[in-house]
Amino acid sequence: MNLDVVYKKRVEIKDLDGLVKELKAIAGEQWVSTEEADLVAYSKDAMLITNRWVIEKKVPGLPHVVVWPEDEDQVSKIVKVAAGRKIPVIPYGEGSGVVGAAIPVYGGITVDMKRLDKVIDVNDTDLTVIVQTGINGKALERILKEKGYLIGHVPQSFHTASVGGWIAHRAAGQFSTKYGKIEDILMSMRVVMADGSIVDTKLYPRASNGPQLERLFLSSEGTLGIVTRATLKLWPWPERQEGVAYAFTSWGQALETVRLVLRQQIYPAVVRIYDQIETERHFYNEPKAKGKLMTVFVCEGKAKLVDLELATVREEAAKQAGIDCGQDPVHHWFETRFDVKETSTWTPKDVVFDTVEVSCMWKDAAALYDNVVAEMKKVPGMAMSSAHASHFYPQGVCFYFTFGGVSTGKLSPDDFFNAAWDAAMVGTLKSNGSISHHHGIGIVRARWMKPEHGPVLELMKRVKRALDPDNIMNPGKLYEEAEK
Ligand SMILES: Cc1cc2nc3c(=O)[nH]c(=O)nc-3n(C[C@H](O)[C@H](O)[C@H](O)COP(=O)(O)OP(=O)(O)OC[C@H]3O[C@@H](n4cnc5c(N)ncnc54)[C@H](O)[C@@H]3O)c2cc1C
């Protein structure tokens with residue numbers, strides 16, 4: 001095997017044959033692979049620049065072996081073997097993460113969780129569902145819908161992401177303004193720790209019983225343990241769903257409409273505000289939105305509540321001179337909300353692009369948008385920088401930026417990519433924003449952990465050292481920068 005691996009810190013594994021034999025004894029012959037095709041398949045996630053590396057015949061990182069365990073007992077035994085040999089373990093959901101968190105920068109054992117895909121229990125009285133965390137988001141929705149429920153977590157990567165990946169990246173779905181983000185939906189979990197032991201956290205609606213350590217696993221990106229089971233909140237399938245769309249002349253008017261709606265404790269499930277560039281890109285069919293910011297609201301739940309929510313949205317939009325665009329933009333949003341196919345055509349044409357989601361308090365919202373766009377425009381070769389506001393709180397907002405360009409002069413495509421990311425992070429931190437709202441840190445944002453957290457990063461490292469003293473769980477992420 002003679003592959004050009006980008007992250008060159010791959011550890012030496014003594015007695016790889018012996019390791020593979022042990023893993024096969026645990027998971028079964030057919031569920032352990034060192035085949036080149038499998039190692040390459042698990043060399044990356046959906047971090048966008050890695051698609052370019054693949055075209056350049058480069059492999060981001062390379063595991064030594066891939067294992068597909070069947071249950072948490074096998075996961076525990078696999079981690080015990082890794083702990084005994086001090087070998088990296090990389091949990092892998094569906095590889096839809098966009099920051100490189102599942103890339104095995106030190107090699108090791110990639111543990112694909114897809115076979116842990118069962119719904120264990122649905123409890124109508126408590127409104128909870130217990131699942132194995134390898135289950136796919138869409139598959140879970142289908143099962144729950146048949147029984148008359150939903151969890152309300154619908155990320156754009158719904159068809160290609162697992163519950164474990166949602167927890168590990170503290171994900172946010174499109175309907176999150178009503179149902180909450182994954183941290184609001186998650187109630188308890190089972191975790192295989194770095195020594196292979198299994199820990200269950202207790203299920204309760206709320207408790208005052210000491211620090212809530214299980215919250216550590218949210219956004220831990222596989223660095224503290226493997227989450228094998230989760231109890232999630234359920235809701236009855238909504239009685240009614242209806243949307244409205246308004247076009248606004250300025251960010252100020254659009255943001256103010258949403259802020260004032262939420263201030264009244266009215267929570268439309270979906271709220272999206274697109275800047276002029278993205279309105280042109282996504283809603284070119286709507287003449288009333290030409291040169292304006294399209295804003296889409298979807299309300300759902302009990303019919304009477306939906307009436308109230310829609311009435312409040314209409315009232316506040318009218319106060320901000322919003323132009324009623326009717327239902328068509330809402331239908332268009334539903335039809336195209338999972339469609340990202342245009343992006344796969346850009347990399348082969350040498351366009352370097354990515355998306356950057358960040359959050360800030362309301363008072364900083366207008367400045368953050370302006371600062372990030374201004375910083376990104378300074379990068380030589382930048383052709384496009386735009387955003388929509390995608391998630392909202394009574395206290396603040398998440399902006400989702402997209403940049404695209406072609407590297408010029410002495411800048412390589414990787415240099416352009418890094419410069420664009422640095423620009424977005426500088427613009428965000430200058431505006432008191434947080435460097436990631438829901439995609440996570442992975443490799444892409446690792447160098448911005450110190451400016452983001454300051455001394456708190458050292459506290460995180462102490463927790464990591466306490467729970468994983470030999471640094472076997474997904475090393476090279478969150479607390480250190482993966483060097484090429
Ligand atoms: C087109 C597109 C749209 C997207 N839209 C959204 C969106 O709307 N909202 C959003 O939040 N994200 C979105 N994402 C990002 C991505 O889908 C999420 O980060 C998702 O949660 C990752 O899940 P996964 O199962 O694919 O995880 P993976 O990519 O396989 O892994 C991600 C991280 O989680 C760890 N991990 C995986 N499973 C476990 C486990 N069981 N225990 C411990 N650690 C684990 C891995 O080690 C890795 O660090 C999008 C991505 C794409 C490509």
Side-chain angles (χ1 to χ4, degrees), residues 41-42 44-48 50-51 61 63 69 72 75 79 88-105 108-117 131-140 153-176 181-183 185-186 189-194 216-230 270 272 337-344 354-355 357 388 390-391 398 400 402 436-444 446 468 473-478 482:
Y42 287 86
K44 69 189 281 300
D45 59 3
M47 176 177 154
L48 277 168
T50 64
N51 294 338
E72 54 219 354
V75 175
V79 176
V89 177
I90 304 94
Y92 198 98
E94 302 214 3
S96 72
V98 283
V99 290
I103 295 177
V105 292
I109 307 170
T110 288
V111 180
D112 186 326
M113 297 293 288
K114 279 185 207 68
R115 292 178 71 208
L116 280 85
D117 62 353
V131 295
Q132 291 183 317
T133 54
I135 192 166
N136 167 271
K138 181 67 189 174
L140 174 58
H153 184 77
V154 187
Q156 195 188 29
S157 52
F158 201 38
H159 300 81
T160 57
S162 69
V163 170
W166 295 347
I167 295 168
H169 272 319
R170 201 187 285 142
Q174 294 166 337
F175 290 62
S176 69
K181 281 67 190 171
I182 197 66
E183 69 272 22
I185 297 166
L186 178 72
M189 64 182 97
R190 179 173 291 178
V191 188
V192 172
M193 305 297 291
L216 282 175
F217 295 94
L218 284 158
S219 208
S220 65
E221 303 190 1
T223 63
L224 300 180
I226 305 185
V227 183
T228 55
R229 191 182 275 217
V270 179
R272 299 292 230 226
R337 67 192 166 124
F338 298 122
D339 186 352
V340 290
K341 63 178 181 297
E342 60 175 1
T343 56
S344 60
D354 209 343
T355 59
E357 27 56 64
H388 59 277
S390 55
H391 302 275
C398 159
Y400 190 104
T402 299
S436 175
H437 178 264
H438 56 269
H439 283 167
I441 301 300
I443 289 171
V444 173
D468 180 17
M473 293 307 308
N474 203 5
K477 311 290 164 53
L478 281 188

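First listed ligand is number 1; within each ligand, the first listed atom is number 1. Since this is a predicted model, take the numbers as computed values, not measurements.
- Atom 23 (O) of ligand 1 has Gly165 CA, 3.3 Å as its closest protein atom, hydrogens excluded (heavy atom only).
- Within ligand 1, the atoms closer than 4.0 Å to a non-hydrogen atom of Asn474 are 47 (O), 49 (O), numbered from 1 in the order shown.
- Comparing heavy-atom distances from atom 44 (N) of ligand 1 across Gly93, Gly100, Gly95, Gly222 singles out Gly222 as nearest.
- Among all protein heavy atoms, the one lying closest to atom 10 (C) of ligand 1 is His438 CD2, 3.3 Å.
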Original post:
When you look at Asn51 and Lys44, which way does the side-chain hydrogen bond (donor to acceptor under 3.5 Å, both in side chains) test go after all the steps?
Top reply: CA-CA 9 Å; Asn51 294 338; Lys44 69 189 281 300; 2.9 Å; yes
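- With contacts defined as side-chain heavy-atom distances shorter than 4.5 Å, the pair Arg337/Val270 does not qualify.
- The side-chain contact (heavy atoms from CB on, under 4.5 Å) with Asn474 is formed by just one residue from the set Leu224, Ile226, Thr223; it is Thr223.
- When Pro104, Ala46, Ser96, Ser220 are ranked by how near their heavy atoms come to atom 22 (C) of ligand 1, first place goes to Ser96.
- For the pair Phe338 and Gln174, the minimum side-chain heavy-atom distance is below 4.5 Å.
- Close approach of ligand 1 to His439 is summarised as follows: ligand atoms under 4.0 Å from at least one heavy atom of the residue are 12 (N), 13 (C), 14 (N), 15 (C).
- Contact check for Lys181 versus His391: side-chain heavy atoms found under the 4.5 Å cut-off.
- Of all atoms in ligand 1, listed by their number and element, those nearer than 4.0 Å to a heavy atom of Ala171 are 11 (O).
- Of the candidates Val75, Val227, Val89, the one placing a heavy atom closest to atom 41 (N) of ligand 1 is Val227.
- Taking a cut-off of under 4.0 Å to the non-hydrogen atoms of Ile226, the atoms of ligand 1 that pass are 42 (N), 43 (C).
- By the 4.5 Å heavy-atom criterion applied to side chains, Pro155 and Trp166 are counted as neighbours.
- Ligand 1 has a nitrogen or oxygen under 3.5 angstrom from a nitrogen or oxygen of Gly97.
- Heavy-atom proximity to Glu221, at under 4.0 Å, picks out these atoms of ligand 1: 47 (O), 49 (O).
- Note that the CD1 atom of Ile90 and the CE atom of Met473 stand 8.5 Å from one another [nearest 0.5 Å].
- For the pair Glu94 and ligand 1, the shortest N or O to N or O distance falls below 3.5 Å.
- When only non-hydrogen protein atoms are considered, atom 34 (O) of ligand 1 lies nearest to Ala168 CB, 3.1 Å.
- Protein heavy atom in closest approach to atom 33 (C) of ligand 1: His169 NE2, 3.5 Å.
- Of all the listed residues (Ser162, Pro91, Ala101), Ser162 holds the heavy atom that lies closest to atom 25 (O) of ligand 1.
- Of the protein's non-hydrogen atoms, Pro155 CB, 3.4 Å is the one closest to atom 7 (C) of ligand 1.
- Numbered from 1 in the order shown, with element, the atoms of ligand 1 that lie under 4.0 Å from a heavy atom of Trp166 read 21 (O).
- Every salt bridge (Lys or Arg N to Asp or Glu O under 4.0 Å) that Glu72 has, sequence neighbours left out, goes to Arg190, Arg229.
- In the vicinity of Thr133, heavy-atom distances shorter than 4.0 Å reach the ligand 1 atoms 41 (N).
- For atom 3 (C) of ligand 1, the nearest protein heavy atom (residue, atom name, distance) is Gln156 OE1, 3.4 Å.
- Atoms of ligand 1 lying under 4.0 Å from any heavy atom of Gly225, numbered from 1 in the order shown and given with element: 43 (C).
- The proximity of Ala172 to ligand 1, defined as any non-hydrogen pair under 4.0 Å, is limited to the backbone.
- Using a 4.5 Å heavy-atom cutoff, the side chains of His439 and Val444 are not in contact.
- Of all protein heavy atoms, the one closest to atom 31 (O) of ligand 1 is Ala102 CB, 4.1 Å.
- Side-chain contact between Val75 and Met113 is present, with heavy atoms from C-beta onward closer than 4.5 Å.
- Regarding atom 14 (N) of ligand 1, its nearest protein heavy-atom neighbour is Ser157 OG, 3.5 Å.
- Within the structure, the closest approach of Thr160 to ligand 1 falls below 4.0 Å when heavy atoms are considered.
- In terms of modelled atom types and a separation under 3.5 Å, the side chain of Ser219 and the main chain of Arg170 share no donor-acceptor contact.
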